[in-house]
Amino acid sequence: MSAESKVRDHRLIEGKAVQARILAEVAEEVATASPPVGKLVSVCIGPTPEVAVYVRNQARAAAKVGIPFDQQVWPAEITQEECKKRIQALNDSKDVLGIILQRPVPAHINVRSLQSAIHPLKDVEGMNPASIGNIVYSDIALAPCTAAASVEMLRSTGLDLKGLEVVMIGHSEIVGKPAALMLTAEGATVTVCHHMTRSVAMHSRRADAVVVAVGKAHLIGPDMIKPGAAVIDIGINQITDEDGTVRIVGDVDTDAVKEVAGWITPVPGGVGPVTVAMLMRNSMVAYRRQKDAGWIS
Ligand SMILES: NC(=O)C1=CN([C@@H]2O[C@H](COP(=O)(O)OP(=O)(O)OC[C@H]3O[C@@H](n4cnc5c(N)ncnc54)[C@H](OP(=O)(O)O)[C@@H]3O)[C@@H](O)[C@H]2O)C=CC1
Ligand SMILES: Nc1nc(=O)c2c([nH]1)NC[C@@H]1CN(c3ccc(C(=O)N[C@@H](CCC(=O)O)C(=O)O)cc3)C=[N+]21
């Protein structure tokens, strides 16, 4: 390995390092928790390949911090009613610490209705409308994990979020919108772009920080970023190179943009690992809230 490749590129925000810090904190709390923490239940409805990596990494992190992990895959043809019944049973079970409903779900399932069925005190992903509503009240302790991860990555640059000009590209209910609201709660000035935005570049070029969650490889090029800005790349895209190699890349042309940006999160190795860590941290927030509510003693 050449000397060149040994030198860490300090423009890259290493997700693994941020993950390790968070998991160490969580592991400490789990080890001293009394009573012992219950199990984190991951629910997939039908075989969802794009979720496989996420669930595998959740299982690994849960094992690392000592949170029991129960991976459930429900049949793709399950009815909405049956899903609600199973979620109710998980809500009522004393053994269950939290429930995460993996996306996507089959077309015949109303995901928002199922998210509402998960009790807010067990909603470790913060996707129950009641949990999301808390973010409007600036209570961001239990927020959707990827949105929380992007805030954590931005914070790790040392930039002061107060007054920071942030452009959020993508406005999904699980990433873009909660991320924009969380950053607003931290005092940033946030512009949200989507497919109806006439010129994303007009906004991104003046931003101190660009957060992108679209799902389009190389959507963001060097001409769209202000020199020295922070770039948080949430996108996950599978591409096939000319030689047939299949790779995972983000929404940002990382190699080109890192020559302009002050900081950038790589894909893989950036937001993904921190998303996993935030799920573990959220699980302990749920544990504390259940204790405060007298659910566990
Ligand atoms: N690393 C992680 O932990 C996670 C990564 N992801 C990844 O993030 C990406 C986004 O996922 P998700 O948040 O679910 O978003 P969705 O796939 O639900 O929607 C994409 C978003 O991008 C917007 N959009 C589409 N085209 C453009 C464009 N040309 N310019 C600006 N905005 C555009 C859409 O706006 P409109 O609705 O107006 O069309 C929509 O808000 C995906 O690649 C996903 O795999 C998702 C979750 C977690
Ligand atoms: N309710 C719900 N919430 C989600 O947040 C959610 C979801 N459903 N469905 C699927 C997407 C995708 N997603 C990933 C999170 C982390 C990695 C991850 O750990 N990525 C590693 C991969 C490295 C490796 O290969 O292990 C990395 O980027 O370094 C990947 C994907 C969350 N999602």
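Along the sequence shown, the residues carry numbers beginning at 1. Because the structure is predicted, anything quoted here is derived from the model rather than measured. Every number for a ligand or one of its atoms is a count from 1 in the order of the listing.
- Linking Ile, Leu, Val, Met, Phe, Trp and Tyr whenever their side-chain heavy atoms come within less than 4.5 Å puts M153 and V190 in one cluster.
- Look at D70 and K39 and you find a salt bridge, because one of the NZ, NE, NH1 or NH2 atoms lies within 4.0 Å of a carboxylate O, short of that distance.
- Contact annotation: for I236 versus ligand 1, heavy atoms closer than 4.0 Å belong to both the backbone and the side chain.
- With hydrophobic clusters built from ILVMFWY side chains whose heavy atoms lie under 4.5 angstrom apart, V231 shares a cluster with L12.
- Atoms of ligand 1 lying under 4.0 Å from at least one heavy atom of K216, given by number and element, are 25 (C), 26 (N), 27 (C), 29 (N).
- Atoms of ligand 2 lying under 4.0 Å from any heavy atom of T146, numbered from 1 in the order shown and given with element: 5 (O).
- Here the heavy atom of the protein found nearest to atom 23 (C) of ligand 1 is G170 CA, 4.0 Å.
- Within ligand 1, the atoms closer than 4.0 Å to a non-hydrogen atom of V175 are 13 (O), 47 (C), numbered from 1 in the order shown.
- M280 and I118 fall into different hydrophobic clusters, defined by Ile, Leu, Val, Met, Phe, Trp and Tyr side-chain heavy atoms under 4.5 Å apart, directly or through other members.
- Nearest protein heavy-atom contact of atom 17 (O) of ligand 1 is V214 O, 4.1 Å.
- Closest to atom 12 (P) of ligand 1, if we only count protein heavy atoms, is S172 OG, 3.6 Å.
- With ligand atoms numbered from 1 in the order given, ligand 1 contributes 9 (C), 10 (C), 21 (C), 22 (O) to contacts under 4.0 Å with heavy atoms of A213.
- Not close to ligand 2: G15, with no non-hydrogen atom less than 4.0 angstrom away.
- The protein heavy atom nearest to atom 33 (N) of ligand 2 is Y54 CD2, 3.6 Å.
- Annotation: side chain of D223 is in contact with side chain of R205 (closest heavy-atom distance under 4.5 Å).
- Of all the heavy atoms of L101, the ones lying under 4.0 Å from any atom of ligand 2 belong exclusively to the backbone.
- Within the 4.0 Å heavy-atom shell around ligand 1 one finds I234.
- When all heavy atoms are compared, the tightest approach of I239 to A217 is CG2-CB, 3.9 Å.
- Contact check for H119 versus D92: no side-chain heavy atoms found under the 4.5 Å cut-off.
- Ionic pairing of E29 and R281 is not present here: no N-O contact between side-chain nitrogen and carboxylate oxygen is shorter than 4.0 angstrom.
- Atoms of ligand 2 found under 4.0 Å from any heavy atom of I174, numbered from 1 in the order shown, are 1 (N), 2 (C), 3 (N).
- Both V271 and L279 are assigned to one and the same hydrophobic cluster, defined by single-linkage of ILVMFWY side chains at heavy-atom distances under 4.5 Å.
- Residues E173 and R112 are not paired through a salt bridge, judged by the lack of any N-O separation under 4.0 Å between the basic side chain and the carboxylate.
- At least one heavy atom of R56 sits closer than 4.0 Å to an atom of ligand 2.
- At least one side-chain heavy atom of K85 sits under 4.5 Å from a side-chain heavy atom of E82.
- In this structure, the protein non-hydrogen atom closest to atom 30 (N) of ligand 1 is H194 O, 3.9 Å.
- The closest side-chain heavy-atom distance from Q290 to L97 is below 4.5 Å.
- When the options I236, I234, I100, V53 are ranked by their closest heavy atom to atom 31 (C) of ligand 2, first place goes to I236.
- The protein atom (non-hydrogen) at minimum distance from atom 19 (O) of ligand 2 is N57 ND2, 2.9 Å.
- Residue-level proximity to ligand 2 for V267 is absent, since no heavy atom of it falls below 4.0 angstrom.
- Atom numbering of ligand 2 starts at 1 in the shown order; those under 4.0 Å from a heavy atom of G272 are 16 (C), 17 (C), 18 (C), 19 (O), 20 (N), 28 (O).
- For ligand 2, the atoms sitting less than 4.0 Å from at least one non-hydrogen atom of R103 are 1 (N), 2 (C), 7 (C), 8 (N), 9 (N), 10 (C), numbered in the order shown with element in parentheses.
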Please tabulate, for the side chains in residues 160-170, all donor-acceptor contacts under 3.5 angstrom to protein atoms that are two or more places apart in sequence or on a different chain.
residue: D160; atom: OD1; partner: K162; partner atom: N; Å: 3.0
residue: E165; atom: OE1; partner: R206; partner atom: NH1; Å: 3.3

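- Tracing side-chain contacts under 4.5 Å through hydrophobic residues (I, L, V, M, F, W, Y), one never reaches V73 starting from L101; they form parts of separate clusters.
- Under a 4.0 Å heavy-atom criterion, G235 is in contact with ligand 1.
- With hydrogens and angles left out, the side-chain atoms of R8 and H10 include a donor and acceptor closer than 3.5 Å.
- For the pair K64/R60, no side-chain contact is recorded, criterion being any heavy-atom separation below 4.5 Å from C-beta on.
- Distances below 4.0 Å separate heavy atoms of E125 from the following atoms of ligand 2: 1 (N), 2 (C), 3 (N), 4 (C), 5 (O).
- Only the side chain of T146 comes within contact range of ligand 1, with a heavy atom under 4.0 Å; no backbone atom does.
- Comparing heavy-atom distances from atom 37 (O) of ligand 1 across R103, Q238, H171 singles out H171 as nearest.
- Within ligand 2, the atoms closer than 4.0 Å to a non-hydrogen atom of G269 are 27 (C), 28 (O), 29 (O), numbered from 1 in the order shown.
- Close approach of ligand 2 to P268 (heavy-atom distance below 4.0 Å) involves ligand atoms 27 (C), 28 (O), 29 (O).
- With hydrogens left out, the protein atom closest to atom 39 (O) of ligand 1 is H195 ND1, 2.9 Å, a heavy atom.
- Atoms of ligand 1 found under 4.0 Å from any heavy atom of T275, numbered from 1 in the order shown, are 2 (C), 3 (O).
- When only interatomic distances are considered, the shortest N/O to N/O separation between D251 and ligand 1 does not fall below 3.5 Å.
- Nearest protein heavy-atom neighbour of atom 42 (C) of ligand 1: G215 CA, 3.8 Å.
- Residues satisfying the side chain to side chain contact (heavy atoms under 4.5 Å, CB included) test with V267, not counting sequence neighbours, are D233, I248.
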